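Shown next, in structure tokens, is the structure this report addresses.
We name chains A, B, ... by the order of the sequence lines, and we start the count at 1 in each one. Quick caveat, the model's predicted, so the values are computed rather than measured.
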There are 2 protein chains.
Amino acid sequence: MPAMSQTPLAYTPHDHDLCVKSALANAEAICVRQGVRLTALRRRVLELVWQSHKPLGAYDILAVLSEQDGRRAAPPTVYRALDFLLENGLVHRIASLNAFMGCVHPEHAHQSQFLICRNCHTAIEMESQTISEAITAAARSIDFVVQGETVEVIGLCAACRKAV
Amino acid sequence: MPAMSQTPLAYTPHDHDLCVKSALANAEAICVRQGVRLTALRRRVLELVWQSHKPLGAYDILAVLSEQDGRRAAPPTVYRALDFLLENGLVHRIASLNAFMGCVHPEHAHQSQFLICRNCHTAIEMESQTISEAITAAARSIDFVVQGETVEVIGLCAACRKAV
DNA sequence: AGATGAACGTTATTATATAACTTGGAGATC
DNA sequence: GATCTCCAAGTTATATAATAACGTTCATCT
Ligand SMILES: [Zn+2]
Ligand SMILES: [Zn+2]
Ligand SMILES: [Zn+2]
Ligand SMILES: [Zn+2]
């Protein structure tokens with residue numbers, strides 16, 4: 001699997017087919033280790049989510065399953081698959097977009113931190129210990145115990161700033 | 001107006017009627033300064049949002065306007081008022097809850113940072129420069145320019161930890 | 001009073017997500 | 001191999017959140 005957490009993958013040109021393939025292989029391994037079943041449907045949904053580095057909506061997934069795969073799918077089909085992937089840390093939900101992104105380092109539990117480009121809609125996952133620590137510190141100062149973070153930053157990526 | 005940004009107001013017992021009243025007075029002043037109209041409806045919506053320290057959904061507001069105020073209200077009525085309040089920095093939207101909160105320091109533009117108690121649903125607004133700086137630094141390191149932050153932290157507040 | 005434009009009312013629709021129940025199918029048990 | 005069991009997926013209906021498009025009212029300025 002390519003080193004995805006160091007330089008943000010979404011930025012740099014890369015072999016994206018390989019990128020998707022390795023994400024799926026990684027997911028298989030994780031599911032085996034966790035003793036959970038990555039069924040064909042769940043695998044396919046994960047693949048679709050991974051096929052772009054942009055957040056994907058549940059109904060976009062649904063459309064592909066219905067129109068492209070010819071599967072009889074209704075909303076629960078997609079949401080159940082997404083729930084499974086979320087529970088097992090294979091995707092993240094982006095609340096501010098009602099959309100989903102493949103997780104770039106699902107091996108270990110972690111918080112959800114994203115940079116989202118307003119122009120090209122690419123979402124880049126961060127894993128900044130500094131941000132998490134700042135949040136924990138701020139929370140502790142008013143006696144609040146953190147269970148989960150949602151950090152979603154909107155702005156402009158390097159490529160889009162150059163383009164404009 | 002009570003000092004709301006120092007010790008989190010939502011935590012401490014306080015004269016909440018006064019709390020709401022001063023928020024409204026503050027809003028009036030801001031709207032005058034900005035040359036925008038805080039109409040009766042907008043004022044009322046702001047009041048409802050402020051009447052709890054918990055995030056309030058658009059349809060909750062709608063229900064009060066219809067049932068309690070006897071006003072003929074449909075979703076656009078509420079959403080337009082909320083849009084106005086958002087534009088003028090008087091309320092924040094909490095993406096992870098699809099809900100709205102009165103802003104505790106609407107005098108100056110700032111990012112939205114919230115601690116949300118999983119148990120009592122109280123939402124406490126933070127204004128941590130440290131968090132913002134950590135985000136900006138992490139973004140800069142991969143050449144991303146920040147335009148807006150969404151920080152929504154879920155966990156347990158002091159009161160609820162004691163209660164359990 | 002009449003013109004103007006913003007705010008609000010009204011109706012309909014779109015987008016997102018879940019509830020509740022049924023059917024199917026992989027793996028365990030006999 | 002047949003049966004049992006349980007989880008996954010199909011199915012139908014509905015809940016919840018948000019917006020589009022158009023008409024009406026009302027404050028304000030001339
Ligand atoms: Zn890729
Ligand atoms: Zn991740
Ligand atoms: Zn209060
Ligand atoms: Zn605020």
Looking only at non-hydrogen atoms, find the nearest pair between A/S22 and A/C19 and report the distance.
OG-O, 3.1 Å
Quick check: any donor-acceptor pair below 3.5 Å linking the side-chain of A/R80 to the base of D/dG10?
yes
Atom-to-atom span, CG of A/L56 to C1' of C/dT16 - whole angstrom
14 Å
Round to the nearest Å and state the distance from B/L38 atom CG to C/dA7 atom P.
11 Å
Given C/dA17, D/dG10, C/dT11, identify the nucleotide with an atom nearest to the side chain of A/L41.
D/dG10
Let me know, please, whether A/A81 or B/D60 comes out on the 5' side of the other along DNA chain D by nearest nucleotide.
A/A81
Report the distance from atom CG of A/D83 to atom C1' of C/dA17, rounded to the nearest whole Å.
10 Å
Does either side chain, that of A/S96 or that of A/E152, offer a donor lying less than 3.5 Å from an acceptor on the other one?
yes
OP1 or OP2 of D/dT19 less than 4.0 angstrom from a side-chain nitrogen or oxygen of B/Y79, does that happen here?
no
Starting at CZ of A/F84 and ending at C1' of D/dC7, how long is that distance when rounded to a whole Å?
12 Å
Identify the heavy atoms of A/C157 and B/F144 that sit nearest to each other, and give their distance.
CA-CD1, 3.7 Å
Would you indicate what A/R42 reaches in the nucleic acid, counting non-hydrogen atoms under 4.0 angstrom: base, sugar-phosphate, or nothing?
sugar-phosphate
Indicate whether OP1 or OP2 belonging to D/dT28 is found under 4.0 Å from a side-chain N or O atom of B/R37.
no
Can you tell me how far P of C/dT16 sits from CG of A/L97, to the nearest Å?
10 Å
Would you kindly give the CZ-to-P distance between B/R44 and C/dC8, to the nearest whole Å?
15 Å
B/R72 CZ to C/dA7 C1', straight-line distance once rounded to whole Å:
17 Å
No-H, no-angle donor-acceptor pair, A/Y59 side chain to C/dA17 base, under 3.5 Å
yes
Hey, does the side chain of A/T77 come within less than 4.0 Å of D/dG10's phosphate (OP1/OP2), counting only N and O?
yes
Are B/F100 and B/H92 near enough that their ring centres are under 6.0 Å apart?
no
Output field: ring centroids B/H121/B/H53 closer than 6.0 Å:
no
Rounded to whole Å, how long is the line connecting atom CG of A/D69 with atom P of D/dA9?
14 Å
Has A/N98 got a side-chain N or O lying under 4.0 Å from the OP1 or OP2 atom of C/dA17?
yes
